[in-house]
Amino acid sequence: MKIRPPRATISDVAHAARTGKTSVSRYLNGELHLLSAGLKARIEQAIADLSYRPSQMARGLKRGRTRLIGLIIADITNPYSVDVMSGIEAACREQGFTLLMCNTNNEVDLEQHYLQLLSSYQVEGIVVNAVGMREEVLNHLQQSLLPMVLIDRKIPDFPCDVVGLNNAEAAETATRHLVDNGYDALLFLSEPLGSVNTRRERLQAFRQLLAEHPQVEHENTEVALHQPAALDQALLAFHQRHTGKRCAVMVANGALTLQVARSLQRLNLHWGRDIGLLGFDELEWAALAGVGITTLKQPTWQIGYSALERLITRIEGSGLPVAEQVFSGELIVRGSSQPLN
C-alpha cells in the first residue's frame, strides 16, 4: 500500500526556501513589498515543489475571522428550503464566506445541537429557519452576541432581524382570487399552528378578508404533514358539509399542498372541477399536475440572498435597529382555481 507523504508545513517551506517562517508568512499574507525579488522567487518555488496549502481556518483564527457562516434549516427536503439555501450560498460566494449547513428535520433537539456545534466552529454569524428554539438556547445566543438573522419564522420574545414573505399581503391576494372566481365555501388548511407565525399570519389574513364577504362560508383545519388518513377525512368532510356549494381549499405551504393533491386523488375529487385548490409555494410539479395547480410563489432565492446580506451588515457592526424585511409573492394562476362558467 502506498504511504501518503505528510502534509507540508510552513516550516518545511521556510527550510526549502532557505529563510525563516516570518518571511513565508509575509509572502502568504500578501506583504510582498517586505521581501526581495530573489526571496519571493525562492518561497514561490518551495511552495510549488512541496504542494503546500496553508490552513485557511488557522489563518482566519489568527486574524480573529473564520469567514464561516452557519445555516440551520428546518427541513432540507422542502423545496422552499433548497431555494432559500441556494440564495444564501450565492451571497456567501460573492462575499467570500463559506457556508456550513445543518438540517434539523424539524426536531427541536437537533436545532439545539447544531447551534452549539456551529458556535464551536466559531462561525461569524448564523441564518436560522427556526423550529421551536428552547429558552435556554435563546439565552445562550443573546449572551454570545453572535449575529443572527431569521428566515420565514419569528421566535416569540426574541428580537432579531427577520427576512421572509409578506404573509398578510400574500394570503389576502390568494383569498381574494378564490372569492372573485366564485367559490363560496373555503377551507384554510395548515399543519398545526403552534407558535409558527407564518401559518398564523396567513390564517389571520384569510379570516380578515372573508369578514368582508359574509356570503362565503369558511373554516380552517390543522393536519400533521404525514397523516394521510386524517387529511382524507378532513377534506372529504369539508366537501360533504358544503354540498351544492363551490368549494376550494387554500393550503398554507408547498409540502402540505403535495399531500392534499395526493389525498384528492385518493378521494376521486378532481381539482378545478369538483373542488378548487390553491397552495402556497411554487413547486415544479404544480404546472404538470393535470390542469395545473394555482400557487402563491415566494421569491425564495431572493429571501435567502437578502438574509445573508443582512447578516453580513450585522457581522460588520451595523448599529441599525432590529427589522423585518418582507417580500411580495406572486400569484401563479392555473386550472385548479378556474372561475365559474
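As a basis for the values below, the full set of heavy atoms in this structure was taken, side chains included, without hydrogen atoms, waters or symmetry mates.
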Residues 204-215, side-chain donor-acceptor partners within the protein, below 3.5 Å, at least two apart:
from: Arg207; atom 1: NH2; to: Asn220; atom 2: OD1; distance (Å): 2.8

Does the side chain of [X] come under 3.5 Å of the side chain of [Y] through a donor N or O and an acceptor N or O?
X	Y	value
Ser263	Asp232	yes
Thr313	Ser318	no
His177	Ser337	yes
Gln298	Asp281	yes

Exercise for review: Evaluate whether atom CD of Gln233 has more than 12 neighbouring non-hydrogen atoms of other residues, nucleotides or ligands under 6.0 angstrom away.
Suggested key: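 Check fails, neighbour count at 12 or below.
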Practice item. Evaluate whether atom NE2 of His15 has more than 12 neighbouring non-hydrogen atoms of other residues, nucleotides or ligands under 6.0 angstrom away. Key: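 No, not enclosed.
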Exercise for review: Flag the pair Lys40 and Glu44 as a salt bridge only when some basic side-chain nitrogen lies within less than 4.0 angstrom of an acidic carboxylate oxygen.
Suggested key: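 So Lys40 does not pair with Glu44 through a salt bridge.
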Exercise for review: Would you mind checking if Glu217 and Lys245 are paired as a salt bridge, meaning a charged N to carboxylate O distance below 4.0 Å?
Suggested key: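 Looking at Glu217 together with Lys245, the answer is yes, because their closest N to O distance falls below 4.0 Å.
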Point to revise | Pairs meeting criterion salt bridge (Lys or Arg N to Asp or Glu O under 4.0 Å) with involvement of residues 218-227, two or more places apart | key: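 Residue pairs passing salt bridge (Lys or Arg N to Asp or Glu O under 4.0 Å), neighbours aside: Glu219-Arg241.
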Exercise for review: Quick one: which residue pairs count as a salt bridge (Lys or Arg N to Asp or Glu O under 4.0 Å) with a foot in residues 8-25, not counting sequence neighbours?
Suggested key: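 Applying salt bridge (Lys or Arg N to Asp or Glu O under 4.0 Å) to every pair that reaches into residues 8-25, excluding sequence neighbours, yields nothing.
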**Study point:** Stepwise side chain to side chain donor-acceptor pair (under 3.5 Å) check, Gln325 with Asp161
**Key:** CA-CA 8 Å; Gln325 182 180 8; Asp161 293 315; over 6 Å; no
Check your understanding: Leu331 and Leu178: same hydrophobic cluster, using ILVMFWY side-chain contacts below 4.5 Å?
Key ->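 Leu331 and Leu178: one cluster.
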Review point. Any side-chain heavy-atom pair from Ile88 and Ile151 closer than 4.5 angstrom?
Key: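 Heavy-atom side-chain distance check passes, below 4.5 Å.
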Check your understanding: Heavy-atom distance under 4.5 Å between the side chains of Ile73 and Thr104, does that happen here?
Key ->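 No, every pair of side-chain atoms sits at 4.5 Å or beyond.
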Review point. Within 45° of the axis and under 6.0 Å from the centre of the six-membered ring of Phe188, does NZ or CZ of Arg202 qualify?
Key: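 Because its charged atom misses either the 6.0 Å distance or the 45° angle limit, Arg202 does not stack over Phe188.
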